[in-house]
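The first residue of the sequence shown is numbered 1, and numbering continues consecutively from there. Order of appearance sets the numbers: ligands from 1, and atoms from 1 within every ligand.
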Amino acid sequence: MHTQHSNQKRDLFRERSGAELHINLSAIIENYLFLQKKVESARCSAVVKADAYGLGADRISKALAKAGCKNFFVAYLDEGIALRKILKKEFSIYVLHGLIGKHEKLFLDYNLIPILNTSEQIKQWYQFCLQNNVFYEAGIQLDSGMSRFGLDEKEIKDIPLAVWDAFKPKLIVSHLACADTPEHKENTQQLEQFKKLKNFLPNAPSSLAASSGIFLGKAWHFDMVRPGAALYGINPTPREKNPMRSVVTLLGKIIQIKTIHPKTFVGYGASYKAKQTTKIAIISVGYADGFFRSLSEKLYLVHEKFMHKPLPIIGRISMDSLFVDISSLPKDATKIGDKIELVGSFNTLDSIAHAANTIGYEILTSMDNRYYRIYK
Ligand SMILES: *Cc1c(COP(=O)(O)O)cnc(C)c1O
């Protein structure tokens with residue numbers, strides 16, 4: 001009874017929603033297995049920070065754990081705490097922002113591994129371990145050239161040797177700045193710098209590559225790779241055909257249809273003026289849903305029943321809606337409630353990002369909670 005009731009409730013939510021975000025869990029798993037195979041003996045982990053790039057860290061982590069993924073990365077402590085409620089103790093959860101504030105005990109309570117990024121964080125963790133007389137697992141991040149997180153050469157050399165004697169890092173991490181541009185010389189420089197810096201630390205498993213870094217070659221793989229974007233279908237090799245399977249489909253609904261006369265304006269700022277009699281559909285997705293205003297008049301969408309007929313977005317995208325010109329569709333073929341594909345096979349995350357002058361990561365992480373989510 002209960003499930004029947006909640007199914008009915010879910011159906012009503014689906015009916016009332018402005019748009020549906022379909023998330024293909026089996027495509028994520030296929031992407032994971034593909035990357036694991038590609039890195040051979042190195043371990044493939046999963047980066048599920050920012051709620052798995054907006055797609056649902058709980059559902060995705062559970063599915064990846066089932067598929068054999070043992071190591072997970074989040075950015076914040078509270079993301080780690082939330083994830084530990086889903087993943088059993090045998091799965092490692094690394095917190096990339098490391099130890100911020102005096103929360104050492106929370107890392108222990110939830111069995112989370114901090115990635116220590118500064119000398120202060122290392123000292124603090126060391127003191128905490130001394131007090132408890134146990135050396136708890138922690139990772140160390142090294143700055144191999146990006147100037148973001150981690151210790152540089154001088155900071156590493158300033159760490160008292162006693163610390164390293166007691167403290168065996170669980171994982172040594174660094175991050176690449178230009179991995180999506182294979183010919184960039186920074187890739188080799190960072191690789192060499194990472195190897196050099198690692199020599200000042202006790203021997204420990206290491207990890208340098210995220211999604212794009214995996215495609216630079218075996219030298220960048222070390223013991224573990226940390227893909228996020230590629231798991232979710234973003235192209236890790238932007239110059240080449242996307243080797244990953246597409247994961248998300250975003251379908252917006254038509255909530256109004258009208259026919260306008262020549263010379264009629266459409267939308268804010270009257271930026272668009274109809275040249276002829278035009279049939280327009282108003283779709284219930286706008287920039288508050290993460291469909292950027294900068295995409296106004298830059299993109300074509302498709303009706304799910306007429307995938308071969310691109311429909312231009314006309315006028316400016318509003319907060320909760322946008323307009324498409326549906327004049328090219330067969331007469332009377334469209335009705336209220338019909339679905340228009342915004343992201344999927346016609347527009348990929350990467351092509352939309354290109355039109356919005358950004359990267360697929362930002363398109364994905366901007367996807368709003370107003371979307372009704374369906375996992376496959
Ligand atoms: C976000 C992040 C990743 C994942 O990067 P992708 O490009 O999405 O694969 C890996 N490592 C670190 C340190 C990160 O911050």
**Student:** Would you please indicate yes or no on a ring centroid separation below 6.0 angstrom for F323 and Y272?
**Tutor:**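 Between Y272 and F323, the centre distance exceeds or equals 6.0 Å.
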**Student:** Assign the ring pair F149 / H97 to parallel, tilted or perpendicular, where the plane angle (0 to 90°) is split at 30° and 60°.
**Tutor:**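 Answer is tilted, since the angle falls between 30° and 60°.
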**Student:** Pairs in or reaching into residues 221-245: which pass side-chain hydrogen bond (donor to acceptor under 3.5 Å, both in side chains), with residues at least two apart or in two chains?
**Tutor:**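 Every side-chain hydrogen bond (donor to acceptor under 3.5 Å, both in side chains) pair that includes a residue of residues 221-245, provided the two are not neighbours, is E30-R245, H175-R226, E183-R239, S207-R226, N235-T237.
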**Student:** Heavy-atom pairs closer than 4.0 Å: do any link ligand 1 to the side chain of L96, the backbone, both, or neither?
**Tutor:**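 Under 4.0 Å from ligand 1, L96 contributes side-chain atoms alone.
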**Student:** Relative to the heavy atoms of R148, which atoms of ligand 1 are at a distance of less than 4.0 Å?
**Tutor:**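 The atoms of ligand 1 under 4.0 Å from a heavy atom of R148 are 15 (O).
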**Student:** Could you walk me through whether D350 and T348 pass the side chain to side chain donor-acceptor pair (under 3.5 Å) check?
**Tutor:** CA-CA 5 Å; D350 294 289; T348 64; 4.7 Å; no
**Student:** Can you list the steps and then say if K195 with E192 is a salt bridge (charged side-chain N to carboxylate O under 4.0 Å, His left out)?
**Tutor:** CA-CA 5 Å; K195 287 189 201 155; E192 293 312 318; 3.7 Å; yes
**Student:** Quick test: of every protein heavy atom, which one is nearest to atom 8 (O) of ligand 1, and how far off is it to 0.1 Å?
**Tutor:**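 Of the protein heavy atoms, Y53 OH, 2.5 Å lies nearest.
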**Student:** In the protein, what heavy atom is nearest to atom 7 (O) of ligand 1, and what distance, to one decimal place, separates them?
**Tutor:**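 Answer for atom 7 (O) of ligand 1: Y361 OH, 2.6 Å.
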**Student:** Run the numbers for me: atoms of ligand 1, each under 4.0 Å from some heavy atom of A210, listed by number.
**Tutor:**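 Reading through ligand 1 atom by atom, the close ones are 4 (C), 5 (O), 6 (P), 7 (O), 9 (O), 10 (C).
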**Student:** Can you pull out the closest protein heavy atom to atom 9 (O) of ligand 1? Residue, atom name and distance to 0.1 Å, please.
**Tutor:**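 Protein heavy atom at minimum distance: S211 OG, 2.5 Å.
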**Student:** On a heavy-atom basis, I'd like to know which of K49, Q141, H97, R226 is closest to atom 14 (C) of ligand 1.
**Tutor:**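 It is K49 whose heavy atom sits nearest to atom 14 (C) of ligand 1.
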**Student:** So which pairs with a foot in residues 255-265 pass side-chain hydrogen bond (donor to acceptor under 3.5 Å, both in side chains), sequence neighbours left out?
**Tutor:**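 Not a single pair qualifies under side-chain hydrogen bond (donor to acceptor under 3.5 Å, both in side chains).
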**Student:** Looking at A229, which atoms of ligand 1 are within less than 4.0 Å of one of its heavy atoms?
**Tutor:**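 Taking each heavy atom of A229 in turn, ligand 1 has 6 (P), 8 (O), 9 (O) under 4.0 Å.
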**Student:** Only heavy atoms of P227, strictly under 4.0 Å: list the atoms of ligand 1 that pass.
**Tutor:**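 Taking each heavy atom of P227 in turn, ligand 1 has 9 (O) under 4.0 Å.
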**Student:** Counting only heavy atoms not in H22 (residues, nucleotides, ligands), do more than 12 fall under 6.0 Å from its NE2?
**Tutor:**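 Above 12, so yes.
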